[in-house]
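One structure below.
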Amino acid sequence: MALPRLLVRALHRAAAAAAPAAPDFNSFVARTNTCGELRAAHVGQKVTLYGWVQYQRQGLFLVLRDFQGLTQVIIPQDEAHSHVKELLSNAPLESVVRVTGTVSPRPQGQENPKMPTGDIEVKAETAEILNSCKKLPFEIKDFIKKSEALRMQYRYLDLRSSRLQWALRLRSRVVMRMREYLCNLHGFVDVETPTLFKRTPGGAKEFLVPSREAGKFYSLPQSPQQFKQLLMVGGLDRYFQVARCYRDEGSRPDRQPEFTQIDIEMSFIDQAGIQRLIEGLLQHSWPEERGSIVTPFPSMTYEEALAEYGTDKPDTRFGMKIVDVSEVLRGSNIHFVQNALSYPHGSIRAICIPQGVKYLTNKDLGSLKESAKSQFNQEIMEIICRPDGSFKSLLTKFLSEKEQSELIQALNMQEGDVVLLAAGEHKQVCSALGALRLLSANLLEAAGLALRDPTAFHFLWVVDFPLFLPKAENPTELESAHHPFTAPHPSDVSLLYSDPTKVRSQHYDLVLNGNEVGGGSIRIHSAEQQRFVLEKVLKEDSEVLSHLIEALEFGAPPHGGIALGLDRLISLIVDAPSIRDVIAFPKSFRGRDLMGNAPDYVTPEELEPYHIQVSWPLEEKEAKKN
Ligand code: ASP
């Protein structure tokens, strides 16, 4: 039976809406096709292409490039087209040209199967040099080998590379899908929040912006945290923003003073709800060419992560977990073991490096031990399991046969493995072994053992963080493990008032292949509890946050959220070594823009309206004089 016409039309419309149409790259412009588009099916068509000269050979042909690909253009040799030949043969590389011509099949045997347009070529009929490229500071094809500083100085040239084009276009696609998932499928509202705000307590890393009122400064927020909570008080219910955040952290190799978060907040939500939302979001926006991801993501408590991996962001792509061998060695007659176990948090732990004998040199082992010493002040003992199964270690003579076989069992030691053992305070021992686990993995891989699958994506939730941690510079004082707005774990609320160091929080981090790619929490929505945390536990002046605390008193809904670090996430998806490879105009690791040379000096006159004077360090004063 034929379907009624109206229904057929409605079905077609629905199908068209469901399947996103391929974008039209040639709308509004004079080109007929991009340089990556032409195929055998286009043979015979007259086309107009615009692009950069990638390559030119002996006045016979050239390769034209744009964001989508490469097309071979045949330069006409006949007298009637001598001016076209003249023009195209003399166009310097990287000049921008327009070529009009006819698509022809490549002569038999000359097809290039590696090139998507490798079946055709365009026989040029007319051409125009739109802008000639001056002599480049280096050859574009060698660009990738040049120093990062030089590439950043000429960022607009580096942006022409397929590597950066791919990364930025993939980033845009992922963000588009995220918007679609959040707004269209789940009713989120995209709201922009101010970037000129004021300092927040504990916000030591904020950039200051002078104002025209003497002595008053704005601050660039580290994240839209306060605003997104206030949006919940304002009844927005589900907020998201592709938010620019600022942290003045000085020089750090893989950090940027400005970076982007996918910032999310929801009312009436719990931890599990946020986790399911993020899993769905990532699954929806995951680029097809990177395979698929499996949800729900596994979850691990902070305590487990620390005990087994020595870090709150475990790389779960490989084993080599930290093993507690305290009980195996408790009865042994080893002085440093007994000493460590006599303290309340004393522990003996070890990692077993598979085939360490084969893949690690003595120098490697020396450097591993040296790094534990210099970074964690932690001594490391090694036990080598010889190919015949016997132990080679300074410890051997102190270990009974029973202890040796229990160690083998606990660590699942095989012949040829190397064990690194540490004794001391639990957290220090775990942190040191966690760092050695990663360093050894790098060494094993450098020596040729395939340990981590480079195409694997291991997501992990880390939960049940402590609400507060001792301050690094003064361990008798506490600071928030996440931020001061994080709510305590429902079962630990009473501890907040009796022993805050024991309170677990409703803070969750998302980890991908050993990198933190997101973090968030369920928030405190009681003004009384928020004031208590700020004043009594963190000893902060709650006055600066009076607007937020007051807002909580006017019927604030329970709420929670998360922020994903977009730069890091994309750099992991495209397997780029640095987040700078997925940012169009990144800063150097000293926080400088090497292309435009920012930050830059301003004159005393320009500073006057801000009531600011520069107090020059002595050496710079001298340098300026000379
Ligand atoms: N604002 C937090 C951050 O930037 C994330 C959150 O708690 O939602 O880490």
Side-chain angles (χ1 to χ4, degrees), residues 178 182 188 190-195 197 199-207 219-233 236-249 252 255-278 281-282 302 312-313 461-469 479-489 504-512 515-525 530 533-534 538 545 548 552 556-569 579:
M178 286 180 165
L182 290 168
F188 280 75
D190 181 351
V191 184
E192 287 166 77
T193 55
T195 52
F197 194 45
R199 280 181 78 82
T200 40
K205 297 170 187 158
E206 286 170 356
F207 281 99
S219 187
L220 301 182
Q222 295 186 40
S223 79
Q225 186 60 37
Q226 292 185 45
F227 291 108
K228 65 175 174 171
Q229 291 193 234
L230 291 164
L231 286 170
M232 294 305 105
V233 184
L236 265 287
D237 196 68
R238 295 173 171 218
Y239 141 93
F240 109 95
Q241 179 179 192
V242 181
R244 188 53 64 84
C245 305
Y246 305 88
R247 288 184 200 168
D248 188 5
E249 298 185 311
R252 296 265 204 99
R255 293 275 172 101
Q256 285 282 298
E258 52 182 329
F259 59 96
T260 307
Q261 287 186 342
I262 301 296
D263 197 40
I264 289 173
E265 196 77 8
M266 293 175 85
S267 294
F268 314 112
I269 189 78
D270 62 7
Q271 176 165 313
I274 294 280
Q275 290 177 341
R276 298 301 84 83
L277 166 82
I278 294 301
L281 173 73
L282 288 168
Y302 169 81
D312 58 4
K313 36 178 188 290
W461 289 109
V462 178
V463 299
D464 289 356
F465 279 81
L467 187 53
F468 307 108
L469 288 171
E479 62 186 359
S480 301
H482 187 48
H483 53 53
F485 314 113
T486 300
H489 195 287
R504 288 166 305 158
S505 69
Q506 296 191 64
H507 156 202
Y508 29 83
D509 270 357
L510 182 62
V511 175
L512 171 56
N515 298 274
E516 186 192 323
V517 290
S521 61
I522 299 304
R523 325 296 184 189
I524 296 173
H525 66 274
Q530 185 66 78
V533 165
L534 285 166
L538 300 173
L545 284 170
L548 183 78
L552 297 182
H559 58 287
I562 191 164
L564 299 180
L566 184 66
D567 310 297
R568 171 105 348 107
L569 179 66
I579 59 169

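Counting convention: from 1, in listed order, for ligands and their atoms alike. We number each residue from 1, following the sequence as shown.
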_Restricting to side-chain hydrogen bond (donor to acceptor under 3.5 Å, both in side chains), what partner residues turn up for R255, sequence neighbours left out?_
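Once residues adjacent in sequence are excluded, the partners of R255 under the side-chain hydrogen bond (donor to acceptor under 3.5 Å, both in side chains) criterion are E249.
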*Atom CZ of F468 and atom CG of L538: how far apart are they, to the nearest 0.5 Å?*
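Here the interatomic distance stands at 5.0 Å.
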*Can you list the residues that meet the side-chain contact (heavy atoms from CB on, under 4.5 Å) rule with P488, with sequence neighbours excluded?*
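Partners of P488 by the side-chain contact (heavy atoms from CB on, under 4.5 Å) criterion, ordered by chain and then number, come out as L467, V493, L496, V503, I524, Q529.
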*Sub-4.0 Å heavy-atom environment of ligand 1, residues by chain*: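 Correct list: S223, Q225, K228, R247, Q261, H482, H483, G519, G520, R523, G561, I562, A563.
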Validation: residues 266-275 side-chain donor-acceptor distances under 3.5 Å, sequence neighbours left out:
unit_1, atom_1, unit_2, atom_2, d
D270, OD1, A272, N, 3.4
D270, OD1, G273, N, 2.9

*Assign the ring pair H507 / H482 to parallel, tilted or perpendicular, where the plane angle (0 to 90°) is split at 30° and 60°.*
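The arrangement is parallel - the two ring planes meet at less than 30°.
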_Is it true that Q241 and T193 share a donor-acceptor pair across their side chains at a distance under 3.5 Å?_
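A pair is found: one side chain offers a donor N or O, the other an acceptor, under 3.5 Å apart.
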